[in-house]
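First up is the structure itself, then whatever we jot down about it.
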Amino acid sequence: MNQDYKKLADHKQEYLAYEGNEVITWCAGCGNYGIQKALERAMVLEGIKPKDALFCYDIGCHGNGSDKIGNKVVYTLHGLHGRVIPVAAGACVANPKMKVIAEGGDGGTMSEGVNHLVHAVRSDYPMVFILHNNENYGLTTGQASACTRQGRPMNGSPDGVISPPMNCCDFVMGLNPTFVARSFSGDVKHMTDILRAALRHNGFAFVEIMQVCPTYNRATPQEWYLERINYLKTTPKTIESARKACADLNDKINLGIFYQNKKAPNYMEMLENRKGVKTAPVEEVKRFDIKSLLKQFE
Ligand code: SF4
C-alpha cells in the first residue's frame, strides 16, 4: 500500500474530523471537490490537528467549503469578498502557533483583493494561501475575471473578453516571494504533495490551483488541462528561471513548485520586538481584562 494511504488509514479519525459530514453543494464535476480532499489529506499527512488550524475563506464558490470542512471540529472564518488575506494575516500574527490557511478565488483575489495579495507576499506572513483559479466569477454565474482568457464570451461580456488574462504565479514572482507553486484540481495526489510542502513552508506560501468549472468555464475542461499539463521534475533555482517555467498558460502548463526560499525569515521573525519571545500575542493579552471596554459595544 502507498505510504500516504497507509498513514491516512492509520489516522482515520483525524481524517474524518477534517472531512466532516455536511452536504456538498458544488456543481457536479466542480474542481472544488478535489481541492478540498487534497487539503484534508495534506493536513493529516503533515500531522496538523484540527484544533491547531484555522481555515479562512473568501466569498466565492470555494467559500462554501467553510461549512463543509471539519463540521464543527475545526476553526473556520468566512470573510468579505477579496478580503480574506488581511483577516488571515491578522490571525497568524496574533497566534503564530496556529497553522493558518486562507483560500480565495481568482475573482476576489486578482481584482478586489489584489492589493492584499501584494502586501502579504512582500510581508511574508507565515500562512498558506490557496488560489482557486477557475478563470471566472462562478458564484455570480460566470462573469469574466482577471484570469478569463482573451476573446472568451462570458456573462456580462457576450462579445468576448477584451484584455489578456493575468498569469497569477508570474505576478507573484515579481513581489520577491518565498514560495510559489501551481497544481491542478484534477490531480488530488499532486495537490496533496504541493499543499504539504506549502504547509511546511516558513513564510507566505502561494499555491495556485488551476480549477475546472464545468458550469461556467466550458472552454478549459478536465481533458483540456490533461492534454497540456507537465510536471516539473525540479524546482527552478532563481526567480528568473521560475518565471520562465510558469509563463505558458496555453500549450504546456507546468505544475509544481516554481520557487522556494527556505532561508528567508518570515514576518514574525523579522519583528525586532518579537525576537526571543516564546509566547504568542494572543496568549499575552489574556492578562488584560477588557470586559468593561467591550460593554460599550453591547
Ligand atoms: Fe464549481 Fe463552477 Fe459550479 Fe462554482 S459554478 S460550484 S466553480 S462548477
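Remember, it's 1-based here, ligands and their atoms both numbered in the order they're listed. In this text, all values refer to a predicted model and were calculated from it rather than measured experimentally.
Under the ring-ring contact (aromatic ring centres under 6.0 Å, His included) criterion, His81 pairs with no residue at all, not counting sequence neighbours.
In terms of protein heavy-atom proximity, atom 1 (Fe) of ligand 1 is nearest to Cys30 SG, 2.3 Å. Closest to atom 6 (S) of ligand 1 among all protein heavy atoms lies Cys27 N, 3.6 Å.
A salt bridge links Asp4 to Arg196: at least one charged side-chain nitrogen sits closer than 4.0 Å to a carboxylate oxygen. Between Arg218 and Glu223, no side-chain nitrogen of the basic residue sits less than 4.0 Å from a carboxylate oxygen of the acidic one, so the salt-bridge criterion is not met. Under the 4.0 Å criterion applied to side-chain N and carboxylate O atoms, Lys37 and Glu40 are assigned as salt-bridge partners. A salt bridge does not link Glu46 with Lys99: every distance from a Lys NZ or Arg NE/NH1/NH2 to an Asp or Glu carboxylate oxygen is 4.0 Å or more.
Below 4.0 Å from some heavy atom of Tyr216 lie the following atoms of ligand 1, by number and element: 5 (S). Those atoms of ligand 1 that come under 4.0 Å of a heavy atom in Thr215, given as number and element, are 3 (Fe), 8 (S). The Asn134 neighbourhood of ligand 1 comprises atoms 7 (S), with distances under 4.0 Å to a heavy atom of that residue.
Within the structure, ligand 1 has Gln211 among the residues with a heavy atom less than 4.0 angstrom away.
Counting backbone and side-chain atoms alike, Cys213 contributes no N/O/S atom closer than 2.8 Å to atom 3 (Fe) of ligand 1. One of the N, O or S atoms belonging to Cys61 lies under 2.8 Å away from atom 4 (Fe) of ligand 1.
In this structure, Phe55 and Tyr18 have perpendicular ring planes: the angle between them is above 60°, well past the 30° mark.
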